[in-house]
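Presented below is the structure to which this report refers.
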2 protein chains.
Amino acid sequence: MSSIKIKIQLVANDNIAMGPGKADLLEAIQQKGSISAAALSMEMSYKRAWDLVSIMNKSFKQAIIATAVGGDKGGGAQVTEFGLQILAQYRAIEAKANLAVEGETKALMRMLIDC
Amino acid sequence: MSSIKIKIQLVANDNIAMGPGKADLLEAIQQKGSISAAALSMEMSYKRAWDLVSIMNKSFKQAIIATAVGGDKGGGAQVTEFGLQILAQYRAIEAKANLAVEGETKALMRMLIDC
DNA sequence: TCACGTTATGTTTATATGAATATAACGTGA
DNA sequence: TCACGTTATATTCATATAAACATAACGTGA
């Protein structure tokens, strides 16, 4: 199988502040309500998910994810309003970029051996 | 420093048939006339450059790079007409995708800490 | 025939990345 | 007070990636 992936990466201080993986993680956290549940649903270790969250929070001017430790259900995490804006903007860029080069990418794919 | 990179990757059989690194390598080979000189100019090992060339040639329907071993100056390599077409198409996609989301990416960058 | 620079390929070593494991701290409810 | 599920963090282990090194084969010109 062949495919073309357009990967938009937001790089700050040699860290990827936002990319496809982090965007997916944000969506999972928003849906699950915790980093650990999100990591589990993505078959990712909690440590890795936490590290990614940490990079995001340290890269942007405001927090992307708000976490709570202890309490009723042990704690949890949610995407902040600011984080949702970043996420939406990122997804919009992804979609727009893909649409802009749709025809050209198909032409390129046709030149691949298994297409 | 912060920046946004839009990385277009052409994936075939779990290999990246074309991406920013391979496109740069193609241009260097075209300019230098050999894989080894191109690798040297990019501070890349010959082995790595050769492996990348091999992946490209195996991924597309026609050869991207034609190589010659032995002879006058030991041999050499050049980008084929087909390879030049692939390269041009790839660069066109890169430029078009970047242009399409220029405004949005600048807005995203402004939300980074060091921007 | 020999030297040369290159392609072509394998092997070993180092580095970066992610996985796995472990543990402390936290705050609510029972 | 204690159990619970989660955040937060460190450490070790495994794997993937890239670098380094080595070497054979090739064809032309000297």
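By the 6.0 Å contact criterion, CD on B/Gln89 is enclosed, its count of non-hydrogen atoms from other residues, nucleotides or ligands being greater than 12. The local environment of NZ in A/Lys5 is sparse, with at most 12 non-hydrogen atoms from other residues, nucleotides or ligands closer than 6.0 Å.
For A/Lys58 and D/dT9, the NZ to C1' distance is 12 Å, given to the nearest whole Å. Between B/Trp50 atom CH2 and D/dT23 atom C1' there is a gap of 15 Å when expressed in whole angstrom units. One interatomic measurement links the two molecules: CG of A/Leu25 to P of D/dT7, which rounds to 11 Å at whole-angstrom precision. Atom P of nucleotide D/dT6 and atom CD of A/Gln78 are separated by 15 Å, given to the nearest angstrom. Atom C1' of nucleotide C/dT17 and atom CG of A/Asn15 are separated by 14 Å, given to the nearest angstrom. Rounded to whole Å, atom P of C/dA19 lies 13 Å from atom CG of A/Leu40. The distance between atom CG of A/Leu52 and atom C1' of D/dA8, rounded to the nearest whole Å, is 15 Å. Between the CD atom of A/Glu43 and the P atom of C/dA20 there is a distance of 11 Å, rounded to whole Å.
Residue B/Ser34 is classed as a sugar-phosphate contact, given heavy-atom separations below 4.0 Å to backbone atoms only. Note on B/Ala68: only backbone sugar-phosphate atoms sit closer than 4.0 angstrom, heavy atoms only; bases stay farther off.
Here the nucleotide nearest the side chain of B/Val69, chosen from D/dA25, D/dA20, C/dG29, is D/dA25. Proximity note for A/Tyr46 (side chain, C-beta onward) versus C/dT11, D/dT7, C/dA8: the nearest is D/dT7. Of the candidate nucleotides C/dT28, D/dA19, C/dT7, C/dT28 has the atom nearest to the side chain of A/Asp72. Out of C/dT21, C/dT7, C/dT11, the shortest distance to the side chain of B/Lys47 is found at C/dT11.
Both B/Ile65 and B/Tyr46 belong to a single network of hydrophobic side chains, linked directly or stepwise wherever heavy atoms of I, L, V, M, F, W or Y lie under 4.5 Å apart. Note on B/Leu87: it clusters hydrophobically with A/Met111, by side-chain heavy-atom contacts below 4.5 Å among ILVMFWY residues.
Between A/Gly75 and A/Asp51, the one whose closest nucleotide on DNA chain D sits nearer the 5' end is A/Gly75. Map A/Lys73 and B/Val53 each onto its nearest nucleotide of DNA chain C; the residue landing nearer the 5' end is B/Val53. Remark on DNA chain C: of its neighbouring residues A/Gly71 and B/Gly33, the 5'-side contact belongs to B/Gly33, judged by nearest-heavy-atom nucleotide.
Dashed line: the shortest gap from a side-chain N or O of B/Ser36 to OP1 or OP2 of C/dT7 is under 4.0 Å. In this model, the phosphate group of D/dA8 is approached by a side-chain N or O of A/Thr67 to a distance below 4.0 Å at OP1 or OP2.
The backbone N or O of A/Ile64 sits less than 3.5 Å from a side-chain atom of A/Thr80, completing a donor-acceptor pair.
In DNA chain D, runs of at least 3 stacked Watson-Crick or G-U pairs (N1-N3 plus N6-O4 or O6-N4, or N1-O2 plus O6-N3, all under 3.5 Å) give these stems: C:1-30 with D:1-30.
Residues A/Ile29 and A/Ala77 approach most closely at CG2-O, 3.9 Å, considering heavy atoms. Nearest heavy atom pair, residue B/Leu84 against residue B/Val79, reads N-CG1, 3.6 Å.
Ion pairing between a basic and an acidic side chain is recognised when a charged N comes within 4.0 Å of a carboxylate O; A/Glu27 and A/Arg91 show such pairing.
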